[in-house]
Amino acid sequence: MLAAFGGLGIGLVWGWVAVHLLRGARRARALRTLIGLALQVALLRWLGTPLMLASLFAGLLASGMTYWVWQYSLAQRFRED
């Protein structure tokens, strides 16, 4: 249970950071972010359990979608008609 929550927490943080940094980023920043994310996944695959890795991907997806919906709702709120 603790491994699942740990993976989910790491996924939520990494997902938010990755989407925030990748949005409109230059190639070097995007590459560093993706390399960091790949290293985190490799570390969890080596040290963690399959449940931890699955919850990491669930957290990445959840936080990425939350960030996208938040940005979209802000754009809709302040859009001039």
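Side chains included, hydrogens not; waters and symmetry mates left out as well; all remaining heavy atoms used. Please read all numbers here as calculations on a predicted model, not as lab measurements.
Placement of F78 and W70 within a single hydrophobic cluster is found when ILVMFWY residues are connected by side-chain heavy-atom separations under 4.5 Å, directly or transitively.
Rounding to the nearest 0.5 Å gives a distance of 9.0 Å between OG1 of T66 and CG of L61. Separating the CD atom in Q40 from the CG atom in L53 is a distance of 10.5 Å, to the nearest 0.5 Å. Of the inter-residue distances, the one linking Q71 atom CD with L74 atom CG reads 6.0 Å to the nearest 0.5 angstrom. Separating the CZ atom in R45 from the CG atom in L56 is a distance of 13.0 Å, to the nearest 0.5 Å.
The side-chain heavy atoms of L31 and R27, taken from C-beta on, include no pair separated by under 4.5 Å. Considering only heavy atoms from C-beta on, F57 comes within 4.5 Å of V41 through its side chain.
Nearest heavy atoms, T33 versus W14: O-CZ3, 3.7 Å.
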Check against side-chain contact (heavy atoms from CB on, under 4.5 Å), L60 and L37:
CA-CA 10 Å; L60 285 173; L37 182 59; 3.9 Å; yes

N/O donor-acceptor pairs under 3.5 Å from side chains in residues 4-13, not counting sequence neighbours:
none

